[in-house]
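This report concerns only the one structure given below.
First listed ligand is number 1; within each ligand, the first listed atom is number 1. We use all heavy atoms of the structure for the numbers below, so side chains are in, but hydrogens, waters and symmetry mates are not.
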Amino acid sequence: MLDVALRKARLGMSAAGVPLGLASEGSFGPHPAIPYIPAGMELLVFVDDERGIVVTESLVAEKTNYDHLVILPGAASEAFLQRIGFPTHGLIVRPNEGEVASALAKGIVDPDRLRRAIEAAAAVSSDGRARMETDMRAHFNPTRMESLAILAERLAQRLARQCPACGAPGFGRTGSRAGLVCEDCGAPTELVLAEILGCPACDYTEERSRGDGLQRAPVQHCPLCNP
Ligand SMILES: [Zn+2]
Ligand SMILES: [Zn+2]
């Protein structure tokens, strides 16, 4: 995702002839920690070729309409359409089987166009069905716009923070260190003990305690008390 976002930013920079670039990249699928719910992975990247730095922020969006439905023409789909937020959220329709490109329609936000796209896709699918997918492109997906707005705010705040050592913008969280101790026996657990802050321009790092103030790990996370 980082490579794709960097390529997008650099394309824009070379097209506009400017040394600063901003780009986003999203991917959608099972939640990385809770695989049975869908999630969006969103990345925002800022490139500054004058300072020679790249600053990134990312988030896992648990609020997403990422979904699909395979249907026969004329079959009821109101529950699906309501759940994914049609028509404020766009849809992609394609044949369920066979040559996808032969009847692919994107950015559908109108019920008549949706009906025609389902008929056209089902007609060329070997099983007579069409596949509706949520259009995850940000300009057709207000839920994604919300995630990107949160991410943009985080990136702006990060760019406003200067490195205490060299003064470069973009000082912020770069990782974490596990080892929060068990509330019962004091053994280290896999839970985060400290967050690591870093600079995009130099090697300076700082550690700070968890943002949520948790001092001890609940016993269910302990490898000794709850193996
Ligand atoms: Zn323990
Ligand atoms: Zn620095």
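Put simply, the angle at the Zn ion (ligand 2) from SG in Cys166 to SG in Cys163 is close to 110°, to the nearest 10°. Our summary of the site lists the angle at the Zn ion (ligand 1) between SG of Cys222 and SG of Cys185 as 100°, to the nearest 10 degrees. With the Zn ion (ligand 2) as the vertex, SG (Cys199) and SG (Cys202) define an angle of 110°, rounded to 10°.
With hydrogens and angles disregarded, no donor-acceptor distance shorter than 3.5 Å links the side chain of Ser125 to the backbone of Ala121. A donor-acceptor pair under 3.5 Å links the side-chain atoms of Asn226 to the main chain of Gln220, judged by distance alone.
In the displayed structure, Glu190 atom CD is contacted under 6.0 Å by at most 12 heavy atoms of other residues, nucleotides or ligands.
Using a 4.5 Å cut-off on side-chain heavy atoms (C-beta onward), Ile71 and Met132 make contact.
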